[in-house]
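A quick write-up on the structure given underneath.
Please read all numbers here as calculations on a predicted model, not as lab measurements. In each ligand, atom 1 is the first atom listed, and ligand 1 is the first ligand listed. The analysis underlying the following values was restricted to heavy atoms, covering all of them including side chains, and did not include hydrogens, waters or symmetry mates.
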Amino acid sequence: MRKSRIIASLSLAAVAALALTACNSGTPSDTGSDGGAAAETPWTVATDVSVPDSPTFERIQKADKVTIGVKEDQPGLGYLDTTTGKRSGFDIDIARWMAASLGYGEDKIDFKPIASANREQSIVNGDIDFYVGTYSITDKRKEQISFAGPYFITGQGLLVAKDNDKITGKDSLTADDVVCSATGSTSIQRIKDETPAKTKEYDTYSTCVQDLLQGQVDAVTTDEAILLGYAAQDPDHLKTVGDVFSEERYGIGLAKNDAALQAFFNNVLTDGHDVWQKIFDSNLGASGVKSTQPEVDAVG
Ligand code: GLU
């Protein structure tokens, strides 16, 4: 059975409840004028860290802060509450954990929202130190950057209007359907390659969801973990349909020349199963469904 089934079987109600309670779950959610939340986190901020031969870590030390690329419109994964200024989600906590492992707490993290299409370039340019945001490890991306991880596995799915009985899965898509997704994502490419549907692209999935709610597109496609978060926000009008139709292995994007940082993060992930589990449980796991942390790939 595919691992993504685990996510697929999270009830929407459970995910909705999670989205609402994430701030009370003991995970850090403030962006840190008080530098706070450290006492509640399942990770600790390391001291006396060295990452020999890591150009990224050298840059971080010089700046005395870590700049992390993220998503901020994906509830449950990478989300910014614009009213409170709090960031939450599984990816955000993974990012906080990695920063802490380098010795940088909440008050020394600069989160930078970066759209799917701009991730590789931001890493290549050094605009960010690393990226944590539903970022699938692919051979094409590995030509430009490296990935630590994977730290999570999900699969591509479809989100449709609650009253849509016509679209029931990928194989039901026809040339009459308009499917929306993010530019530069594996999701949009797969729809173009493997279905007759028409496509519409935006920078963000949340814009696609707005279009879907307004009847401008017939479906939104991306990873099911992302779609479940949107469905949970508006269960009266949205639903996910069908089986997942890919395997998306989420990695931490970092500079290609930085095998030292890649190995460092892989070690943190491998040695931190209990931390990973707590991060999963507090962000995605309140339904009680078990999930296992994937093994990391070899460095290189
Ligand atoms: N995981 C897929 C990707 O990396 C889709 C989600 C996203 O765009 O972040 O392309």
Go through the steps to decide whether Gln262 and Asn266 satisfy the test side-chain hydrogen bond (donor to acceptor under 3.5 Å, both in side chains), and finish with yes or no.
CA-CA 6 Å; Gln262 185 189 19; Asn266 277 354; 5.9 Å; no

Quick one: do Phe264 and Phe57 satisfy ring-ring contact (aromatic ring centres under 6.0 Å, His included)? Show the steps, please.
CA-CA 11 Å; Phe264 183 91; Phe57 188 61; 7.2 Å; no

Worked verdict on Asp218 versus Lys198 for salt bridge (charged side-chain N to carboxylate O under 4.0 Å, His left out):
CA-CA 10 Å; Asp218 300 296; Lys198 292 190 260 303; over 6 Å; no

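At under 3.5 Å, not a single nitrogen or oxygen of Ser187, backbone or side chain, sits near a nitrogen or oxygen of ligand 1. Of the N or O atoms in Gln74, none lie within a sub-3.5 Å distance of an N or O in ligand 1. On a distance-only criterion, Ser185 and ligand 1 share no N/O pair closer than 3.5 Å. Below 3.5 Å of separation, one finds an N or O of Ser116 facing an N or O of ligand 1.
Close contacts between ligand 1 and Thr134 involve ligand atoms 1 (N), 2 (C), 3 (C), 4 (O), 6 (C), 7 (C), 9 (O) [criterion: under 4.0 Å to a heavy atom]. Taking every non-hydrogen atom of Ile226 and a distance limit under 4.0 Å, the qualifying atoms of ligand 1 come out as 6 (C). The ligand atoms of ligand 1 that sit less than 4.0 angstrom from a heavy atom of Tyr250 are 1 (N). Heavy-atom contacts of Asp223 reach the following atoms of ligand 1: 1 (N), 2 (C), 5 (C), 6 (C) (cutoff under 4.0 Å).
When Thr186, Thr222, Thr221 are ranked by how near their heavy atoms come to atom 2 (C) of ligand 1, first place goes to Thr186.
For Asp64 and Lys108, the salt-bridge test passes: some basic side-chain N is under 4.0 Å from an acidic carboxylate O. Salt bridge Arg96/Asp93: present, at least one basic N to carboxylate O contact under 4.0 Å.
The closest approach between a heavy atom of Lys71 and any atom of ligand 1 is below 4.0 Å. Under a 4.0 Å heavy-atom criterion, Gly133 is in contact with ligand 1. For Thr138, the heavy-atom gap to ligand 1 stays at 4.0 angstrom or more.
Side chains of Thr204 and Lys71: no donor on one and acceptor on the other come within 3.5 Å. For the 3.5 Å distance criterion, the side chains of Asp211 and Tyr202 qualify, holding a donor opposite an acceptor. Side-chain polar atoms of Thr56 and Asp258 form a donor-acceptor pair below 3.5 angstrom.
Nearest protein heavy-atom contact of atom 7 (C) of ligand 1 is Tyr205 OH, 3.2 Å. Among all protein heavy atoms, the one lying closest to atom 4 (O) of ligand 1 is Arg141 NH1, 2.8 Å.
Under the ring pair (Phe, Tyr, Trp, His ring centres under 6.0 Å) rule, Tyr135 has a single partner from Phe130, Phe152, Phe147, which is Phe147. Of the candidates Ile279, Val296, Val268, Val132, Val132 is the only one forming a side-chain contact (heavy atoms from CB on, under 4.5 Å) with Tyr151.
With a 4.0 Å heavy-atom cut-off, ligand 1 is reached by no atom of Gln189.
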